[in-house]
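For reference, the structure is listed below as structure tokens.
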Number of protein chains: 2
Amino acid sequence: MDPTVTLELSVDRSSPVPLYFQLSQQLEAAIEHGTLTPGSLLGNEIELAARLGLSRPTVRQAIQSLVDKGLLVRRRGVGTQVVHSQVKRPLELSSLYDDLEAAGQRPATKVLVNAVVPATAEIAAALGVPEGSDVHRVERLRLAHGEPMAHLCNFIPPALLDLDTAQLETTGLYRMMRAAGITLHSARQTIGARAATPEEADRLAEEAGAPLLTMQRVTFDDTGRAVEYGTHTYRPTRYSFEFQLLVRP
Amino acid sequence: MDPTVTLELSVDRSSPVPLYFQLSQQLEAAIEHGTLTPGSLLGNEIELAARLGLSRPTVRQAIQSLVDKGLLVRRRGVGTQVVHSQVKRPLELSSLYDDLEAAGQRPATKVLVNAVVPATAEIAAALGVPEGSDVHRVERLRLAHGEPMAHLCNFIPPALLDLDTAQLETTGLYRMMRAAGITLHSARQTIGARAATPEEADRLAEEAGAPLLTMQRVTFDDTGRAVEYGTHTYRPTRYSFEFQLLVRP
DNA sequence: AAGTGGTCTAGACCACATC
DNA sequence: ATGTGGTCTAGACCACTTC
């Protein structure tokens with residue numbers, strides 16, 4: 001049982017795509033496609049390298065990237081196995097816009113506020129800018145099927161990117177940042193819950209006191225600058241946070 | 001500015017600890033300790049390898065592990081830099097017990113139920129066992145400073161581990177699993193919110209209708225078996241989910 | 001004993017960023 | 001032009017698992 005699988009693999013040495021990446025893509029496709037079934041052994045690295053005309057470190061690099069993704073498990077003395085299902089996607093720094101779009105919900109956005117305001121102490125601390133200095137304030141209502149789903153309030157340091165209201169209504173903030181050449185690196189998030197204030201209830205078509213799901217997030221680029229601070233509230237009957245996470249070995 | 005830092009590094013070749021790991025630990029300690037300041041360049045890999053008497057791939061392996069942790073950033077043509085602060089810990093598969101202990105809260109646990117029950121359709125689907133088959137049901141109340149903080153309801157396939165009630169009260173479920181030789185691999189989580197039912201409110205010393213933070217989780221070991229399914233409710237005034245996440249490059 | 005992944009070496013050439 | 005990380009090779013020995 002769980003036999004070693006012989007797979008049709010090949011690499012194109014004239015391609016600019018790294019060899020290890022070509023291999024890892026083919027393996028990932030084979031796993032997704034079901035050619036490599038859960039529990040099956042991949043065959044040892046040396047033989048795999050010989051078959052492909054690659055060196056063992058290159059093959060290892062390909063396999064390692066899939067181990068990091070949670071698709072494969074290596075066991076010394078045993079071999080490399082395909083993980084038994086259930087792994088879909090690891091936790092990503094996703095935007096609500098992307099989440100909704102992936103779920104086929106075709107999200108709509110209504111920009112409520114798009115202005116420059118002085119930073120309060122809370123905002124200044126989160127973004128690492130002087131208190132009272134100018135920051136962009138963007139307040140949006142996210143809708144799906146015409147129903148309000150979330151209220152998003154974001155603060156962005158000035159001069160980072162153009163915050164065009166029309167663009168904010170047709171795409172997500174993260175996409176605009178990436179398009180502006182900002183390399184997102186990490187984020188610190190807090191997820192909680194609380195009762196809706198009357199204003200919040202009104203915005204989200206809920207009743208005052210109804211439970212709301214809350215998320216605060218500070219996002220950093222790869223230079224360590226804070227590029228965004230957000231305070232979001234979600235209707236828990238319409239949205240919840242769902243994700244896969246991997247145990248760091 | 002941002003000058004290259006000369007660091008005192010050394011490796012012990014007689015140690016059983018891998019060389020790359022010795023190096024990455026020393027670099028991590030230097031970053032944590034402030035010897036390597038945010039933004040500072042690490043010095044090129046070849047020179048670093050020569051200085052330590054290591055090969056370049058070994059040095060790269062050490063650096064890569066810290067890049068994966070979000071502590072370092074590599075830029076082709078530029079060098080390797082220490083990320084500007086703010087990275088504390090990536091998202092881990094943590095238990096509430098560990099979280100509370102890390103916060104110095106000295107958690108207490110009260111086991112409400114520890115029994116074997118037939119699996120409902122929901123439980124069977126989550127754990128991948130036949131409907132109606134035996135599963136352990138563990139229901140616990142987690143307290144901090146004598147105040148209830150969360151209600152935890154877990155289902156565990158039979159014969160995975162000894163579920164001693166006394167042990168459940170003094171440690172966390174994940175610790176017991178690891179101690180039983182189970183290698184945790186991944187988990188699928190959903191975080192949401194809802195209003196407390198009268199029973200839930202009573203358990204957590206809240207009022208009926210009060211907002212509760214909810215979490216459902218299925219955890220898998222490295223063979224792909226589901227090892228635990230849990231349905232948890234938290235008092236949002238006492239607990240929220242806080243974590244750092246890294247953008248996959 | 002045999003087979004596996006884990007670690008390590010000493011080179012090489014290339015792509016990209018900066019000056 | 002120079003220096004950096006990104007990729008790749010062809011070996012080697014070791015630790016662990018399984019039989």
Side-chain angles (χ1 to χ4, degrees), chain A residues 1-5 10-25 27 39-68 71-83 181 183 222-223 249, chain B residues 1-5 10-25 27 39-68 71-83 181 183 222-223 249:
Chain A
M1 54 160 68
D2 285 346
T4 299
V5 174
S10 62
V11 292
D12 174 8
R13 303 198 82 103
S14 68
S15 162
V17 177
L19 299 176
Y20 79 90
F21 193 73
Q22 291 184 40
L23 178 54
S24 70
Q25 275 186 318
L27 291 173
S40 60
L41 287 164
L42 209 60
N44 78 64
E45 299 171 350
I46 288 115
E47 187 271 340
L48 196 55
R51 187 145 61 88
L52 286 161
L54 296 174
S55 69
R56 187 184 166 203
T58 301
V59 170
R60 274 186 68 80
Q61 193 175 358
I63 292 174
Q64 186 59 47
S65 70
L66 298 182
V67 171
D68 291 341
L71 296 173
L72 298 176
V73 180
R74 287 205 243 233
R75 297 166 193 272
R76 177 151 33 180
V78 179
T80 304
Q81 279 180 306
V82 180
V83 165
T183 308
D222 62 357
T223 69
Chain B
M1 52 160 70
D2 284 347
T4 299
V5 174
S10 63
V11 293
D12 174 9
R13 301 197 84 102
S14 69
S15 162
V17 178
L19 300 176
Y20 80 88
F21 193 74
Q22 292 184 37
L23 177 54
S24 70
Q25 276 186 318
L27 291 173
S40 60
L41 287 163
L42 208 60
N44 78 64
E45 299 172 350
I46 288 116
E47 185 271 340
L48 195 54
R51 187 143 61 87
L52 286 162
L54 297 173
S55 70
R56 187 184 167 201
T58 302
V59 171
R60 274 185 68 80
Q61 194 175 357
I63 291 174
Q64 187 58 46
S65 70
L66 298 183
V67 171
D68 291 341
L71 295 174
L72 298 177
V73 181
R74 285 206 243 236
R75 298 165 194 273
R76 174 142 45 173
V78 178
T80 303
Q81 280 180 305
V82 180
V83 165
T183 308
D222 62 355
T223 69

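Predicted model, so just to flag it, every value in this text is computed and none were measured. Throughout, protein chains are lettered first and strands after them, A, B, ... in sequence-line order, and every chain is numbered starting at 1.
Nearest approach of A:Leu41 to A:Gln81, heavy atoms of both residues: CD2-CG, 3.4 Å.
Distance B:Leu19 CG to D:dC13 P: 17 Å, rounded to the nearest Å. In this structure, B:Leu72 places its CG atom 16 Å from P of D:dT4, rounding to the nearest Å. The CD atom of B:Glu45 sits 14 Å away from the P atom of C:dT9 (whole-angstrom rounding). A straight line from CG of A:Asp222 to C1' of D:dG5 spans 15 Å, rounded to a whole angstrom. Atom pair B:Arg74:CZ and C:dC16:P shows a separation of 17 Å (rounding to whole Å applied). If you take CG of B:Leu52 and P of C:dC8, they are 12 Å apart, rounded to a whole angstrom. Straight-line distance from the CD atom of A:Gln81 to the P atom of D:dT18: 10 Å, rounded to whole Å. Computed from coordinates, the A:Gln64 CD to D:dG6 P distance equals 16 Å when rounded to whole Å.
Within 4.0 Å of B:Ile46, counting heavy atoms only, lies no atom of the nucleic acid at all.
In this structure A:Glu47 satisfies the side-chain contact (heavy atoms from CB on, under 4.5 Å) test together with A:Asn44, A:Arg51, sequence neighbours excluded. Partners of B:Thr183 according to the side-chain contact (heavy atoms from CB on, under 4.5 Å) rule, which considers only residues two or more places apart in sequence or in another chain, are B:Asp222. Every residue two or more places apart in sequence or in another chain that forms a side-chain contact (heavy atoms from CB on, under 4.5 Å) with B:Thr80 is listed here: B:Leu42, B:Ile63, B:Leu72, B:Arg74. Under the rule for a side-chain contact (heavy atoms from CB on, under 4.5 Å), the partners of B:Ser14 that lie at least two apart in sequence or sit in another chain are B:Asp12.
How far OG of B:Ser55 is from CG of B:Leu19: 8.5 Å, rounded to the nearest 0.5 Å.
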Tell me, with the steps shown, if B:Leu71 and B:Val83 meet side chain to side chain contact (heavy atoms under 4.5 Å, CB included).
CA-CA 6 Å; B:Leu71 295 174; B:Val83 165; 5.9 Å; no
Test side chain to side chain contact (heavy atoms under 4.5 Å, CB included) on A:Val73 and A:Val67; report intermediate values, then the result.
CA-CA 6 Å; A:Val73 180; A:Val67 171; over 6 Å; no
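Comparing B:Thr80 and A:Val17 by the nucleotide of DNA chain D whose heavy atom lies nearest to each, the residue mapping closer to the 5' end is B:Thr80.
A 4.5 Å side-chain heavy-atom check between A:Glu45 and A:Thr58 finds every atom pair outside the cut-off.
Of the residues in residues 56-63 of chain B, those lying under 4.0 Å from DNA chain C by heavy-atom distance are B:Arg56, B:Pro57, B:Thr58, B:Gln61.
Not one side-chain nitrogen or oxygen of B:Arg75 sits closer than 4.0 Å to the OP1 or OP2 atom of D:dG3. Residue B:Asn44 places at least one side-chain N or O under 4.0 Å from the OP1 or OP2 atom of D:dT4. OP1 or OP2 of C:dT9 lies within a sub-4.0 Å distance of a side-chain N or O belonging to B:Arg13. For the OP1/OP2 pair of D:dC8 and a distance below 4.0 Å, the side-chain nitrogens and oxygens of A:Tyr20 include no atom meeting the criterion.
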List, with names and distances, any nitrogen or oxygen atoms from the protein found under 3.5 Å away from nitrogen or oxygen atoms belonging to nucleotides 17-19 of chain C.
residue	atom	partner	partner atom	Å
C:dA17	O4'	B:Arg76	O	3.4

